[in-house]
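Down below is the structure, laid out as structure tokens.
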Amino acid sequence: MTRSLATAIGFIAVVLWSFLALFTIGSAPTPPLLLNAICFSIGGALGLIWTLHKKKLPELRTVSWKIYAFGTLGLFGYHALYFSALRLAPAAEAGLIAYLWPLLIVLLSGLLPGERLKMGHFLGAAIGFCGAALIIAGGGGAAFDPNALAGYGLALGCALVWAGYSVLSRKLGSAPTETVAVFCIAAALLSAALHLCLEETVWPNSALSWGSTIALGAGPVGAAFYVWDIGVKRGDIQLLGTSSYAAPLLSTLVLVVAGIAALTWSLAIAAILITLGAALAARASMAK
């Protein structure tokens, strides 16, 4: 597989993640940890079928438990935080904050051995976080809702988790992509155990909620992990990071078209600032 093909495959994940917020809203009233368990069960099952088809199941036995622990916590942590954030804060605003992860990938990759942060990284970070601050402040025209602050904090947390997971995955390039199936299954079991301890069981209660939940497990919380793993391990991570900056704009556009979010000036400006900040940081990374 060529590097350019791996990068293109990785970008498929960005397209799938553009529907993450839409399907998460549609999955209500299922609580976050139960939703995690259902979606990861679907994603893990798809991965096992793929692994069996390629006859690579024996290879999974040679992978270190540390890699399995890392992947499980990364996938579980991000989505537990994301699903919780969208239950506690407006979908478009929380989603935009969560989509600071492309910017954070560039900043964190600049801290890896042999890399260094440049002025463009700091400028991009400042602009991106101005966009996040605009959302939290309510855009000046909307009333600030302190009840949504916890949701915004969780959204920022999931951005940090996914950025760290993606950058550190680069150092695990020897682990086959099929290991993602194990990550998903382990994350499903962990989510189910915590759900039984912490949440009231509320299953999807309509065709819409079941359809959204299944779509989540098959796409944004399923196939997306496998193609993203191929991209970050075999492709151009800087170019992939740059193309990922389309995610906040695409996600917001999907919510607006679906009628879940209103296209306000503050929301549009925040999306532009977050995307512009990430693009400036990526340009600094690619500059020789």
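Scope of the values below: all heavy atoms of this structure, side chains included, with no hydrogens, waters or symmetry mates.
Using a 4.5 Å cut-off on side-chain heavy atoms (C-beta onward), Thr7 and Ser4 make no contact. Two residues are said to be in side-chain contact when any heavy atoms from C-beta on lie closer than 4.5 Å; Phe40 and Leu189 fail this criterion. Counting heavy atoms from C-beta outward, Thr177 and Arg234 have side chains that approach closer than 4.5 Å. Residues Leu57 and Leu52 form a side-chain contact, since some pair of their non-hydrogen atoms from C-beta on lies under 4.5 Å apart. Looking at heavy atoms from C-beta onward, Ile12 lies in side-chain contact with Val227 at the 4.5 angstrom threshold.
Between atom CG of residue Leu86 and atom CG of residue Leu22 there is a gap of 10.5 Å, rounded to the nearest 0.5 Å. With rounding to the nearest 0.5 angstrom, the CG atom of Leu81 is 10.0 Å from the CG atom of Leu156. Between the OG1 atom in Thr72 and the CH2 atom in Trp65 there is a gap of 11.5 Å [rounded to 0.5 Å]. Rounding to the nearest 0.5 Å places CG of Asn205 at 7.0 Å from OG1 of Thr30. The CG atom of Leu75 lies 11.5 Å from the CG atom of Leu190; values are rounded to the nearest 0.5 Å. With rounding to the nearest 0.5 angstrom, the CG atom of Leu160 is 5.5 Å from the CG atom of Leu104.
Clustering ILVMFWY residues whenever any of their side-chain heavy atoms sit less than 4.5 angstrom apart, transitively, puts Leu208 in a cluster other than the one holding Ile42. Note: the hydrophobic cluster containing Leu123 also contains Leu276 (ILVMFWY, side chain heavy atoms under 4.5 Å, direct or indirect links). Leu253 and Leu273 fall into different hydrophobic clusters, defined by Ile, Leu, Val, Met, Phe, Trp and Tyr side-chain heavy atoms under 4.5 Å apart, directly or through other members. A continuous path of ILVMFWY side-chain contacts below 4.5 Å connects Trp17 to Ile260, so both sit in one hydrophobic cluster. Linking Ile, Leu, Val, Met, Phe, Trp and Tyr residues whenever their side-chain heavy atoms come within less than 4.5 Å places Ile25 and Leu88 in a single cluster.
Taking Ile, Leu, Val, Met, Phe, Trp and Tyr as members and joining any whose side-chain heavy atoms lie under 4.5 Å apart, directly or through other members, Leu250 forms no hydrophobic cluster with any other residue.
Using modelled atom types, one finds a donor on one side chain and an acceptor on the other under 3.5 Å when comparing Ser27 with Arg87.
Considering all non-hydrogen atoms of both residues, Gly77 and Val161 come closest at C-CG1, 4.3 Å. The two atoms that bring Ala261 and Ala92 nearest to each other are CB-CB, 3.6 Å, heavy atoms only. Residues Val256 and Ala262 share a closest heavy-atom pair of CG2-C, 4.5 Å. Nearest heavy atom pair, residue Leu33 against residue Glu199, reads N-OE2, 2.9 Å. Between Leu20 and Thr24, the shortest heavy-atom contact is O-OG1, 2.6 Å. For the residue pair Ala94 and Ala155, the shortest heavy atom distance occurs at O-CB, 3.4 Å.
Applying the ring pair (Phe, Tyr, Trp, His ring centres under 6.0 Å) criterion to Tyr78, with sequence neighbours excluded, gives Tyr82, Trp162. Under the ring pair (Phe, Tyr, Trp, His ring centres under 6.0 Å) criterion, Trp50 pairs with Tyr226, not counting sequence neighbours. Partners of Thr201 by side chain to side chain donor-acceptor pair (under 3.5 Å), not counting sequence neighbours, listed by chain and number: His195. For Phe76, the ring pair (Phe, Tyr, Trp, His ring centres under 6.0 Å) test picks out no residue, with sequence neighbours left out.
With respect to Trp228, the ring-ring contact (aromatic ring centres under 6.0 Å, His included) criterion is satisfied by exactly one of Trp101, Phe183, Tyr165: Trp101.
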Inset, instruction - Using the side-chain contact (heavy atoms from CB on, under 4.5 Å) rule, take Leu34 and Val202 through it: C-alpha gap first, then chi angles, then the decisive distance, then the call. - result: CA-CA 8 Å; Leu34 178 57; Val202 181; 5.6 Å; no
Legend entry - Full working for side-chain contact (heavy atoms from CB on, under 4.5 Å) between Lys54 and Glu178: CA-CA 9 Å; Lys54 297 183 69 177; Glu178 289 76 15; 3.3 Å; yes
Inset, instruction - Check the pair Ser251, Tyr99 against side-chain contact (heavy atoms from CB on, under 4.5 Å), reporting the backbone distance first and the verdict last. - result: CA-CA 9 Å; Ser251 180; Tyr99 278 119; 3.5 Å; yes
Inset, instruction - Might you work through the side-chain contact (heavy atoms from CB on, under 4.5 Å) test for Ile230 and Met1, ending with a clear yes or no? - result: CA-CA 10 Å; Ile230 292 172; Met1 180 182 296; 3.7 Å; yes
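For Lys233 (side chain) and Ala175 (main-chain N/O), a donor-acceptor pair under 3.5 Å exists by modelled atom type. For the pair Thr62 (side chain) and Pro58 (backbone), a donor-acceptor distance under 3.5 Å is absent. In this structure a side-chain-to-backbone donor-acceptor pair under 3.5 Å is present from Trp210 to Pro204.
A parallel orientation is assigned to the rings of Phe19 and Phe23, their planes being inclined by less than 30° (bins at 30° and 60°).
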Without placing hydrogens or testing angles, list every side-chain donor-acceptor pair under 3.5 Å for residues 213-222, not counting sequence neighbours.
| unit_1 | atom_1 | unit_2 | atom_2 | d |
| --- | --- | --- | --- | --- |
| Thr213 | OG1 | Ser209 | O | 2.7 |

